[in-house]
Amino acid sequence: MLTTVCSQAQQPVSGTTGGLTISGAVRDSADRSPISFATVVLLREGKVISSATTDSLGRFSIPLREKGVFTIGVSFVGYNNYLSAPTAFPGMQQPYQVLLRKSTATLQTITVNAKKRLIETKGDKLVYNATVDISNKAGSAADVLRKVPMLTVSADGEVKMRGDGNIKVLLNGLPSGILAKNLKEALKIIPAGTIAAVEVITSPSAKYEAEGAAGVINIVTKKKIKGSSADISLSAGNLEQSASASLNTIRGNFDLSLNINASNQRERKTSTLNRTSLLKGLPAGELLQENDVTQHERGLYGDLGVTYRIDSLQKISTTFTLWNGAWPSKNTLYNLYQDGKGSTAYNQKSDQTNHSGYYELSTSYQKLFRRKSQELQVLGMVSNSADRSRYVTQQHTLAGVPAFRETGPNNSKSWDFNLQTDYTHPLDLSGKNLVETGLKFSRTSATSAYSARNNEHAPGSDDLVEIPSRSDEMKYFQNIYAAYLSLKFETRNQWMFRAGLRYEATQLGAEFQRTSAPFRSTFGNLVPSILLTKTLNEQHDVKLSYTERIRRPWIWDLNPFVNAADPRNLTSGNPLLRPETTRTIEAGYNYNAASGFTLNNSVYFSSNSNAIEMLTTVDSLGISRTLPSNIAANKRLGANINAAMEIGNLTVNGGVELYQVWFKSDALQVKNDAGFYAFNLNLSYTLPRDVTLQASGDYSNGYVTLQGRNSASWSYSFTAQKEFLNKKASVLVGVSNPFQRSMLQRSYATAPTFRSTEVNNYYNRSFHITLNWKFGSMKVHNNEEEKKMPPMRRH
């Protein structure tokens, strides 16, 4: 039997109708112990309006956004469900103390059908709820990020936030070595169906690492349900195939989770490059290249996690992660170069192999305290990666005679170690005013051995000789020491102020065995952040923020290895790089109507005086060299607008991004400024019999760089989903870009030494079918109380 006990008078809470919330506590009926992580839902006419989860002391609080007659439901695994009588709110109600009785039978998986909004704003971050979008059951994390406001994903997979590719990406709020190491490839091995939400944090607090000039992206994976469950997903298509499985179980105080994913993708791109070499502003040579590249990407990812709950306030979690990826590519190239000395033409075949093995072991300890919001967390992480890459190029004359052969292996290994502690201390009983502080130490040590061998001394022979000037071994290290302090205050008239200061000291350096002198660098960054928000009323709130973020050069930026797979277009790292600092001021406004219509807007200005940009130069022989350099300043003025609404069974949401960017390099006497705009639209329609149809699309007018810009790019997709077996299984059929065989995009670049136009065709027309099954071992005890409880889905 369940009992509801009224206790003290209800306290006003800011930001709610009449300044009220529905609050209370959930306890065990036998020993009155608090029940944490219980699901509490607010229902009206059988429909879930909002929900909450109890804290470590069993307390819950649900803001009351509108007047009406509501019912409160409470559920927790191992206990009978609770459902209150319909009650008018707001009224003279007092906080609830709900006493749950333990069930004598196994429980069925409890689900809460609370329909989330696709886009939400929560203080300093914008949240894209990926589970609301049915098309996210197929594809990878890269496909999910393409739909997130303020993020754009280029045709070749590069992720940018507000036009800046320097982003700190977290996984469930924690740093991930896989994502830091190779974001583009790592995103492809994370199944879209495992992602619950993506948080875009443009004004991070001092608690976050200062790395990531544009801001922070936090990928939140789906939470484990209580009891035992399994999930299997299979997806097949013309460009991508994947299989994933997950197992979650709880036995006593232990939680166990296992996730495995295998994927295979194919990408093809053709391009035509026309480049004119310039000497004192006059044409000196013409290069024509026709290129066809096919790349396969194969990845195997798995993680095993164990959590031990010492008691209701303490837990220890350990996760082991393993990733093995390979992305070989084949390239055919026609090359014609003409200058005053004559012309050179040849055909070239190139094979490139890239392989990476990575494993990571992390352990965390979390302790909650009796005071609300008081928390201590300690995290330790160690990871190792081994990377092997190699290119082999073979040039032939137009008559088919072998002319030149070169190979360039590059093998590296690295160790990363992280140790951090974070403590949050409340300054009052409400837990809304608090101080956060913490320390962090991280160390990276790596070696990279690279070389180049060719038969330039004897064209046509198979005898390859090492080129000493392009062969070496680099040993690299980086140490970071960090400390932060952050204060947060909330007032009765609904102002919130957060100020923080973070200091990061960095030591980095490298030694070379042969060709280069060693270098070391030590620098410190004092990074402030300020956030001010004001809730005007139930529908309107505004914010103003100032943040500073940094970008450090990583080993792949510093490695001077020259990739000469295309001898006319060389790429390398730059060991002389220094960190950059970006300063951003942002103002935002959010509107949330009772009807479900939401509008989120922000304007911002960012400035960077020492930006790391990819710089291309062309020499007198028409050979280009591209490497990252601290040679530019950039400023950016932009705005973001996102809106969503429901019209019957139709859900519509979309967003627009606009900015004007100014690049300038005094050293190179180069500057570039242009406008950028992008928009996306998503339509979802629910039919009877658990059928959902969806259409989505995005468009941008092209990225802007220091030396040029790209033309427009776009993509669109259509998806249909049918759920069955009481929504435990589903089949999804989707098609992307069905009305175009490939997407054409042009890239333009101009510099004192060259001007070029490149026409690219990305073959991105695809179709896929995805099957998903969910299994659970828990059953419901079918008593009269539970019959009254409407179905609920945990989220």
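Residues meeting the side-chain contact (heavy atoms from CB on, under 4.5 Å) test with T616, sequence neighbours left out: S624, T626, Q707, F754. Shown here are the side-chain contact (heavy atoms from CB on, under 4.5 Å) partners of E158, two or more places apart in sequence or in another chain: S154, D156, K160. A695 pairs by the side-chain contact (heavy atoms from CB on, under 4.5 Å) definition with F718, not counting sequence neighbours. In terms of the side-chain contact (heavy atoms from CB on, under 4.5 Å) criterion, residue partners of I550 (sequence neighbours excluded) are, by chain and number, A210, E504, N525, V527, R552, T581.
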Decide side-chain contact (heavy atoms from CB on, under 4.5 Å) for N574 and L577; before the verdict, give the C-alpha distance in whole Å, the side-chain angles of both, and the deciding distance to 0.1 Å. CA-CA 6 Å; N574 180 3; L577 282 179; 3.9 Å; yes
Take F739 and Y716, measure what side-chain contact (heavy atoms from CB on, under 4.5 Å) needs, and give me the verdict at the end. CA-CA 10 Å; F739 305 119; Y716 52 93; 3.2 Å; yes
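In this structure, the separation between OG1 on T571 and CG on N563 is 4.5 Å, given to the nearest 0.5 Å.
Relative to the six-membered ring of Y748, R709 misses at least one condition, a distance below 6.0 Å or an angle of at most 45° to the axis.
A heavy-atom distance below 4.5 Å is found between the side chains of V198 and L145.
The list of side chain to side chain donor-acceptor pair (under 3.5 Å) pairs with a residue in residues 752-762, not counting sequence neighbours, reads S742-N761.
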Distance-only check: which donor-acceptor pairs under 3.5 Å involve side-chain atoms of residues 676-685, not counting sequence neighbours?
from	atom 1	to	atom 2	distance (Å)
N682	OD1	Q694	NE2	3.1
N682	ND2	D133	OD2	3.2

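Side chain to side chain, Q352 and S329 fail the donor-acceptor criterion of an N or O pair below 3.5 Å.
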